[in-house]
Amino acid sequence: MEAPHLLEKREKKERREGLPELKNATKGKVVLRFAPNPNGPMSFGHARGMVINGSYAKEWDGEIILRFDDTDAVVKPPLPSAYEQIEREAEWLLGFKPHRIVIASERIPQYYQHAEDMLQRGFGYVCQCSGEVFREFRVSKTECPCRNNSERLNIELWNNMLDGTFKPGDAVVRVKTAMDLKNPALRDWPALRMQDTVQHPHPRPGIGSKYRVWPLLDFQSAVEDHLQGVTHIIRGKDLMDSTRKQTLLYQHFGWSYPETIYWGRVKVHEWGGFSTSQMRRDIESGEFSGWDDPRLPTLSALKKRGITASALRNFWIELGVTQKDISVPISSLFAHNIKCIDDDAPRLAFIREPCKVQLVGEHDGTVDVDVHPNHPTRGVRTFTMDQGPLWIEREDFEKQSIRLKGFADVSTTGEILTIDSFPRSDRRPIVHWAPDVNTKDATLIVAEDGEIHRIQGRMESHEYPVGTMVQLERIGYGRVLDDSTVVFTHA
RNA sequence: GCUCGUAUAGUGUAGUGGCCCAUCAUGAAGGACUCUCAUUCCUUCGACCCGGGUUCAAAUCCCGGUACGAGCACCA
């Protein structure tokens, strides 16, 4: 018997590159979204949502919506400055602007309309049970008395929520699912609740204390995804039950739920647990200098430290969208970053624990060293070899014989360096160095193990603009902060 | 407790019944190149959680176990 299909299969063995194929996707018709809470700027973890969703949008010639889920003014109040910052960070990360911006707090009327629709059509009800009481009902699978309210009564109670007759805690709107569902999380879940926006005004101008009733995430997100025509949702697997809740709501409305993909949790081994709320408190208390404090895992801090957007993109795409919970060493992000910056980074000498030494022997007036060893066309750095002193690192100063990189083999006798040979004559260690006249006092800022070290030294003078990625010879890569300060990125 | 999910080298990842004594990256070790402990290149090391079952054939399907994670908020 012939089996031609087996032969065909034999040919394809290539490894899949990049992101897995999107199911049920049509080129040009894909709509995705990334929906952070603007209670702080983006952190490392948010970058995953932005990168994965944004990359799919680009790959499928579709759209990415940046949506601000700012429907809580009490527990996780929004930070007014975060909206714009997140927008800027999104563009920096993706390399393009998100196609649409949606702000949930500006869409409350739409959510109200759907809530009313839900009450009128009888698949939602106003529940006046307290949280504890309802919890009992949920575990015992019993229906709460409010479940049988007439549509008319529900509308009346709804108006009581809206007009302030009810206070926060008095009533919520629930979606009628079923109390005997296997998964307790899905039983008549809450869709909207009241918030004391007088005591806790929403920080958005124009929103403030305007609304007493606010949608919860599951309801707001579900309705908005439908309104925006979202086709694919890619999010953390902690939101799996959210999908199930929302699917139940979609069935009531007669809508069909988007394709959904989940990823697991990512921990960076070197970083502890940082929550946006906690960082915010620590910044306000002065423990950190700001959201871009190099010790923090925020995008602004990583950017300031010299991590590039493309390294971040490559990193997250390589991790992919598996549901595994993973823990990665930060060096894996650094490995991507090196690939992005090394080819451009000009070389510079930074002398830690500088020791001043005097050169003895005949030599030329100048010494040229490469700006970048792999790119001779990028020119040279010229050291001025007058009779002035040179700087070398203490560690090198203590060696008997060393080679001053690009110049000469020398022997050290106290502070005197005697030239032995210009060509390389043996295998003595090669060290970086610089004449005093070509250097200035400088600081290397290193953030490590949650601390900031400011290393003083002498750095080769340069005119690179702020933000330039440089490589400090024999030390590692860094980002120019000003003409005498470099932030250490990684080795 | 109830519910849901995941399990491939040190770390990530490919793989959806025969291309697999398992891919790629990173890491480690060694080497080449190089006047940086950089970059680049080469070599080597190293894994299908455990136990059953289905099948001619299982990393891949089924059942059980174990481990880890998540949800059961009037947070997102």
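Note: hydrogens, waters and symmetry copies are ignored here, and every other heavy atom, side chains too, is used. Throughout, a chain's letter reflects where its sequence line sits, starting with A, and its residues are numbered from 1.
- Look at B/rG27: its Watson-Crick or wobble partner, with both distances under 3.5 angstrom, is B/rC45.
- Across all strands shown, B/rU34 forms no Watson-Crick or G-U wobble pair with both key distances under 3.5 Å.
- By the 6.0 Å and 45° rule, A/R204 does not stack over the aromatic ring of A/F68.
- Looking at heavy-atom distances under 4.0 Å, A/T71 makes contact with sugar-phosphate atoms alone, never a base.
- Base pairing annotation: B/rC61 forms a Watson-Crick or G-U wobble pair with B/rG53, both donor-acceptor distances under 3.5 Å.
- Considering every non-hydrogen atom in both A/H432 and A/F350, the closest pair reads NE2-O, 2.9 Å.
- When heavy atoms are screened at a 4.0 angstrom cut-off, A/N374 is found touching base atoms of the nucleic acid.
- Contacts of A/T276 with the nucleic acid, taken as non-hydrogen atoms under 4.0 Å apart, are absent.
- For the pair A/K324 and B/rG5, the criterion of a side-chain N or O lying under 4.0 Å from OP1 or OP2 is not met.
- Nearest nucleotide to the A/A185 side chain, out of B/rG71, B/rU36, B/rU40: B/rG71.
- Annotation for A/I101 and A/E87: closest pair CD1-CG, 3.5 Å, computed over non-hydrogen atoms.
- Of the listed nucleotides (B/rA76, B/rG5, B/rU39), B/rG5 has the atom at the smallest distance from the side chain of A/K237.
- In this structure, B/rG5 and B/rC68 make a Watson-Crick or G-U wobble pair, each of the two defining distances being under 3.5 angstrom.
- Taking the side chain of A/V328 as heavy atoms from C-beta on, and the options B/rG12, B/rU6, B/rC37, the nearest nucleotide is B/rG12.
- Residues A/F407 and A/F422 bring their aromatic ring centres within 6.0 Å.
- Evaluation of atom-type donor-acceptor distances gives a pair under 3.5 Å for the side chain of A/K76 against the base of B/rC75.
- Residue A/R403 is classed as a base contact, given a heavy-atom separation below 4.0 Å to a base.
- Of the side-chain N and O atoms in A/T322, one or more sit less than 4.0 angstrom from OP1 or OP2 of B/rU13.
- When rounded to the nearest whole Å, the span between CG of A/L217 and P of B/rG71 equals 13 Å.
- No donor-acceptor distance shorter than 3.5 angstrom exists from the side chain of A/R458 to the backbone of A/E353, with no hydrogens or angles considered.
- Among the atoms of the strands shown, none is found under 4.0 Å from any heavy atom of A/S221.
- The residue A/R244 sits close only to the backbone: its heavy atoms come under 4.0 Å of sugar-phosphate atoms, none of a base.
- Across all strands, A/I430 comes closer than 4.0 Å only to sugar-phosphate atoms, never to a base (heavy-atom distances).
- Backbone-only engagement by A/L216 is indicated by non-hydrogen atom pairs under 4.0 Å involving sugar-phosphate atoms exclusively.
- With ring centers used as reference points, A/W316 lies under 6.0 Å from A/F44.
- No engagement by A/F134 is indicated, since no non-hydrogen atom pair under 4.0 Å with the nucleic acid exists.
- For A/D241 and B/rA76, the CG to C1' distance is 15 Å, given to the nearest whole Å.
- Taking for each of A/P168 and A/P329 the nucleotide of RNA chain B with the nearest heavy atom, the 5'-most of the two is the partner of A/P329.
- No donor-acceptor contact under 3.5 Å links the side chain of A/R16 to the base of B/rU23.
- Pairing for B/rU39 is absent, judged as Watson-Crick or G-U wobble with the two contacts each under 3.5 Å.
- Only the C1' atoms considered, B/rA14 is 12 Å distant from B/rA59, to the nearest whole Å.
- More than 12 non-hydrogen atoms from other residues, nucleotides or ligands lie less than 6.0 angstrom from CD of A/E398.
- Within the 4.0 angstrom heavy-atom criterion, only backbone atoms of the sugar-phosphate kind lie near A/K182; the bases stay farther away.
- The side chain of A/I338 lies closest to B/rU39 when the candidates are B/rG71, B/rG5, B/rU39.
- A donor N or O paired with an acceptor N or O is found under 3.5 Å between the base of B/rU23 and the side-chain atoms of A/R15.
- Judged by Watson-Crick or G-U wobble contacts below 3.5 Å, the nucleotide B/rU13 has no partner.
- At B/rC72, none of the side-chain N or O atoms of A/K245 fall inside 4.0 Å of OP1 or OP2 (strictly under the cut-off).
- Closest approach to the A/D238 side chain among B/rA70, B/rC74, B/rC4 is made by B/rA70 (side chain taken as heavy atoms from C-beta onward).
- Residue contacts shown for A/Q471 include a base, since a base heavy atom lies under 4.0 Å away.
- Contact annotation: A/R187 does not reach the phosphate of B/rG71 (side-chain N/O to OP1 or OP2, under 4.0 Å).
- One C1' atom belongs to B/rC50, the other to B/rC42, and the distance between them is 39 Å to the nearest Å.
- Regarding contacts with the backbone of B/rC74, every side-chain N or O of A/K167 stays at 4.0 angstrom or more from both OP1 and OP2.
- Residue A/G264 is classed as having no contact, given no heavy-atom separation below 4.0 Å to the nucleic acid.
- Nearest-nucleotide assignment on RNA chain B puts the 5′-proximal partner with A/G320, out of A/D396 and A/G320.
- Taking the six-membered ring for Trp and the full ring otherwise, A/F219 and A/W189 have centroids separated by 6.0 Å or more.
- The shortest distance between the side-chain N/O atoms of A/R193 and the OP1/OP2 oxygens of B/rC75 is below 4.0 Å.
- Across all strands shown, A/L192 has no heavy atoms under 4.0 Å from either base or sugar-phosphate atoms.
- Side-chain N/O atoms of A/R347 and base N/O atoms of B/rA38 include a donor-acceptor pair closer than 3.5 Å.
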